[in-house]
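Data block below; observations after.
Below, chains carry the letters A, B, ... as their sequence lines are ordered, and counting in each starts from 1. Just so it is clear, the values below take in all heavy atoms, side chains as well, and ignore hydrogens, waters and symmetry mates.
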Amino acid sequence: MFSDFSRDERTFAFIILGGLVVAGLAMAIAGRGDILGTHGWMVFGLSLIALFGAIRQADRPEPSPERLLEYYDAPTRVGLVLTLIWGVIGMAAGFWVAALLAWPDMTFDVAWLSWGRLRPIHTSGVIFGFGGNALIATSFHVLQRTTRARLPDALSPWFVLLGYNLFCIIAASGYLMGLTQSKEYAEPEWYADIWLVVVWVVYFAIYMRTLARRKEPHIYVANWYYMAFILVVAILHIVNNLAVPVSFGSAKSYSLFAGVQDAMTQWWYGHNAVAFFLTAGFLGMMYYYLPKRANRPIFSYRMSIISFWGITFMYMWAGSHHLHYTALPHWVQTLGMAFSVVLLVPSWASAGNALLTLNGAWHKVRDDAVLRFMALAAIFYGITTFEGSFMAIRAVNSLSHYTDWTIGHVHAGALGWVAMITFGSLYSLVPSMFKRERIYSNTLVEVHFWLALAGTVIYVFAMWNSGVIQGLMWRTYDESGTLTYSFLDSLEAMHPYYIVRAFGGLLFLLGALTALFNVIMTIRMPAKVQPDTGMDLPAEPALQAGE
Amino acid sequence: MFKFHYRLERSALGLVGFIILVASIGGFIEIAPLFTIDETVEEAQDMRVYTPLEVAGRNIFIREGCYACHSQMIRTLRDEVDRYGPYSLAVESQYDHPQLWGSKRTGPDLARLGNKYSDAWHTTHLNNPRDLVPQSKMPAYRWLLRDQLRTDDLGQHLATLRTVGVPYTDDQIANATQDAYGQANPDSPEAGGVAERYGDATNIRPFDGQTDKLTDMDALVAYLQVLGNLTNAAHETQTAEVE
Amino acid sequence: MVFDHDSVVAFSKSFGLIYLVVLSLICLAWTYWPSNKKGFDEAARMPVLEEEDRPWR
């Protein structure tokens, strides 16, 4: 990594790492006796190790100017591996919390092993660790290929990738120590939030600087989605995390908003985190890797643009469907419901566009598990967005809200759409990124595909059943006009489904482990024999083996 | 018109600006009016603020992630009102920074939990739910009875809450630490000031049953016992329609 | 203008609708404007072009 840096970039790297060492030390001193202090020592330690590593490599020769003739893919390579590592961590935590709901005594009197502290490890681990790293890694790749421009420098992509993972580590370790803002999917405390803003600004700058040097005047649509992801997540993140720390020596802060305003802000954030983190970004992935893998241009480029503006415009209004029948004013609920239903149009346009792209290439889908991952992702995207619009209708929501149905819906999207499109893109990207002939084992990809599909279906069906049963039990009256079931009756009815759900999650986790193993083995394979591009080649290149 | 399209397509900054414009207005239109909502929301003259011990308890509730399984928002649906009590009003969480309305009921709603069970029930239940409810799926929070509650910084917590809009007085902020102790130790000299500063309706009891030390359990039970009892507004105005 | 709840809500409801319609029209017009077709068709082929895997300069 460091040998890729120019003289100036090395100086900047030293300044950044030195600044982080000082900042970590300041946090450790200001926050002694507090979680802030623990995090200070972590930042101090990690940046000190990085600083020593940098110093040892400081006198490496500067990279040759010829590097500018190549794309800069090293951060993407590391990002792909980090994606899988966080995926395994997040999914393992998910399996464990699922098991805890079936067998709650596995807390073993250890605070950090309790359900409430592990649950955000699962959610943040998969959304930010797995999803976020996948988006960063692939966005660097797609951005360069579609603009035909190299990343503007070597330092800033590393800053974004490693800085983002520092945020993830601070967040996850904080949860274990009981540090959370309690806002779902925005749990990290104020200093982690500020750090993420810094990282995000650099991320955005990379995008703008690369686009400024692009060859084609037109910006390919995948980049629109990635840019919407970067921009809107920044807006959401900043607004929803506005808070006042108890002191500069305390990790704890109090949200600027309270009550109904806070609820609306939180679900405006929460829903659009789904829209712009888990949808827009991954649609960007889909609009590049699916046509690429199928070797066919996207069915309708214009439809992808209409869907883009539809999604960007309408998702922002839909958040209030999380608050039906609550103390939120009625008109805001109605607005949220209406937009959620209309959202089905751009969502299905995207899903349909993806599937129609595959029309005429279905034999490839049959033979190639990687393409099948992507096709299945598009199908699940269609199913989930339909279900989402349906659940946003007030009458349906009265039954589904607060139940496991919501959990089933989220996982149809998270496992079926987000994870599948990620695995598909990842498998198609890994061999070329690591300059290998092929993936280590196509059989293992096939195994992974079926594990993932089986896991998702089992999980989602278990939660649909338990959610509907739960919702119906809560609202059933007997002839005398009293509620038939106690809450405990409904809880007991959930037990078998919780076991089935944990099993489905285990299958999905095994699939992710297969992927990690397969990718590591691919990296350990010998490199593809590069045809020498020097001057002493015959005019006619010799026939390659296997051609 | 053409010129605009032409530029948007080619200029990355134009695209950026348009995305921000398109994306931000939806949220703004929905959220901005809510900040004038206090004009139309029920007024609750009797609305109390959390005591320092209850604030500490609320923070433990957040720390252990209780909100992920327990909502604090009773919807305007007949079965919810029959099961849990009067539906929740916006005013009841007006001092909740952040709100804990929740999104999932793996366990029951807690909006009207206060004074429904005894302190001893809560202490036993939190220590190991399956001692009282064999089918329960809740973790056993045994460390709550062991861990000493941190109270030295409660004044700062109250001052911060005042910054974001909770009407704590200087007197309440200055005495936060001793009020936290007093509220769980009714026989101590510190107990007198609690009712004086927070009203006679305040629960002043040895919540976890042990008076030799102030534990996380004291704080959490104090918080659970005040849920739904900060104001009587919901019980009074509940002649309105239930869907 | 007085910023009471009712007027803010009224503004949101009316302006929001105009905003929605105007934006949709702009997007649709631009996307389906005949002279824009060529550019879009070229753009669509971007991921599948068999080009050298290196920057253009």
Side-chain angles (χ1 to χ4, degrees), chain A residues 101 104 107 109 111 114-117 119-120 178 180-184 208 211-212 217-219 224 227-228 231-232 235 244 246-247 250 254-266 268 309 312-313 316-317 320 322 325-327 329 332 335 398 402 406 474-475 483 487-488 491-492, chain B residues 9-10 12-13 15-16 19-20 22-24 26-27 30-31 34-35 37 59 62-68 71 73 75-77 79 82-83 88-90 93-101 103-106 108 133 135-143 153 156-157 160-161 163-165 243:
Chain A
L101 282 179
T107 306
D109 198 13
S114 66
W115 198 93
R117 298 199 190 183
R119 188 253 186 182
T180 165
Q181 292 192 113
S182 81
K183 293 187 155 206
E184 284 183 78
M208 296 310 285
L211 285 173
H218 186 83
I219 302 171
W224 299 28
M227 279 162 77
L231 286 167
V232 181
I235 298 172
V244 180
V246 170
S247 74
S250 171
Y254 287 99
S255 164
L256 201 56
F257 308 121
V260 62
Q261 289 98 341
D262 182 52
M264 186 61 227
T265 312
Q266 156 60 24
W268 167 76
W309 290 114
T312 309
F313 176 75
M316 281 301 202
W317 307 63
S320 54
H322 288 254
Y325 299 101
T326 66
V332 186
L335 200 62
S398 74
Y402 293 135
T406 311
W474 288 347
R475 56 160 62 178
L483 291 163
F487 190 89
L488 270 181
L491 188 72
E492 272 187 276
Chain B
E9 196 179 342
R10 274 155 185 79
L13 264 180
L15 185 58
V16 165
I19 291 174
I20 291 177
V22 165
S24 53
E30 274 185 331
I31 295 170
L34 298 179
F35 284 88
I37 200 174
N59 288 340
I62 289 173
R63 181 186 81 193
E64 302 300 348
C66 308
Y67 59 87
S71 59
M73 171 50 63
R75 296 182 292 169
T76 55
L77 298 165
D79 62 288
D82 285 349
R83 188 180 296 278
S88 301
L89 302 180
S93 51
Q94 70 167 329
Y95 296 142
D96 283 9
H97 291 268
Q99 45 73 34
L100 295 173
W101 291 12
S103 61
K104 179 70 172 61
R105 284 181 189 150
T106 305
V133 187
Q135 314 93 313
S136 173
K137 301 210 172 289
M138 192 166 112
Y141 293 97
R142 293 200 175 85
W143 53 91
D153 59 350
Q156 276 182 319
H157 283 256
T160 312
L161 282 167
T163 311
V164 294
E243 287 174 70

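The shortest distance between side-chain heavy atoms of A/Trp474 and B/Leu77 does not fall below 4.5 Å. B/Pro98 places none of its side-chain heavy atoms less than 4.5 Å from the side chain of A/Gln181.
With chain B as partner, the option from A/Gln266, A/Met227, A/Lys183, A/Met208 having the largest number of non-hydrogen pairs under 4.5 angstrom is A/Met208. When A/Ser114, A/Gly116, A/Ser320, A/Ala258 are compared by the number of non-hydrogen pairs under 4.5 Å with chain B, A/Ala258 comes out ahead. Each of A/Leu211, A/Thr265, A/Thr312 has some count of heavy-atom pairs under 4.5 Å with chain B, and the biggest count is that of A/Thr312. Annotation: maximal heavy-atom pairing with chain A below 4.5 Å, among B/Ser71, B/Cys66, B/Ser103, occurs at B/Ser103. Of the listed residues A/Trp317, A/Phe257, A/Phe313, the one with more heavy-atom pairs under 4.5 angstrom with chain B than any other is A/Trp317. Interface summary for chain B: among A/Ala111, A/Ser247, A/Gly178, the most heavy-atom pairs under 4.5 angstrom belong to A/Ala111. Annotation: maximal heavy-atom pairing with chain B below 4.5 Å, among A/Ala263, A/Pro104, A/Ser182, A/Ser398, occurs at A/Ser182.
Checking B/Gln156 against A/Ser250 by side-chain atom types alone, no donor-acceptor pair falls below 3.5 Å.
With a threshold of 4.5 angstrom between heavy atoms, B/Thr106 approaches chain A through its backbone and through its side chain. Of the two parts of A/Trp115, the backbone and the side chain both hold a non-hydrogen atom closer than 4.5 Å to a non-hydrogen atom of chain B. With a threshold of 4.5 angstrom between heavy atoms, A/Arg475 approaches chain B through its backbone and through its side chain. With a 4.5 Å cut-off on non-hydrogen atoms, B/Gln94 touches chain A through its backbone but not through its side chain. With a threshold of 4.5 angstrom between heavy atoms, A/Leu256 approaches chain B through its backbone and through its side chain. Only the side chain of A/Leu483 has a heavy atom closer than 4.5 Å to any heavy atom of chain B. Heavy atoms closer than 4.5 Å to chain A are found in the side chain of B/Leu100, but not in its backbone. Residue contact with chain B, scored on non-hydrogen atoms closer than 4.5 Å, involves the side chain of A/Val232 exclusively.
For the residue pair A/Tyr254 and B/His97, the shortest heavy atom distance occurs at CD2-O, 3.5 Å. Pairing each heavy atom of B/Thr160 with each of A/Val244, the nearest pair is CG2-O, 3.3 Å. When all heavy atoms of A/Ala327 and B/Trp101 are compared, the pair lying nearest together is CB-CH2, 4.1 Å. Contact record, B/Arg75 with A/Tyr402: NE-CE1, 3.5 Å, taken as the closest heavy-atom pair. Residue B/Trp143 comes nearest to A/Asp109 through the heavy atom pair CE3-OD1, 3.7 Å, listed as atom of the first residue, atom of the second, then distance. Scanning both residues, B/Ile19 and A/Trp224, for their nearest heavy atoms gives CD1-O, 4.1 Å.
For the atom pair OG1 of A/Thr107 and CE of B/Met138, the computed distance is 10.5 Å after rounding to the nearest 0.5 Å.
Panel note: side chain B/Lys137, backbone A/Leu101; a donor-acceptor pair is recorded below 3.5 Å.
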When you look at B/Asp96 and A/Asp262, which way does the side chain to side chain contact (heavy atoms under 4.5 Å, CB included) test go after all the steps?
CA-CA 9 Å; B/Asp96 283 9; A/Asp262 182 52; over 6 Å; no
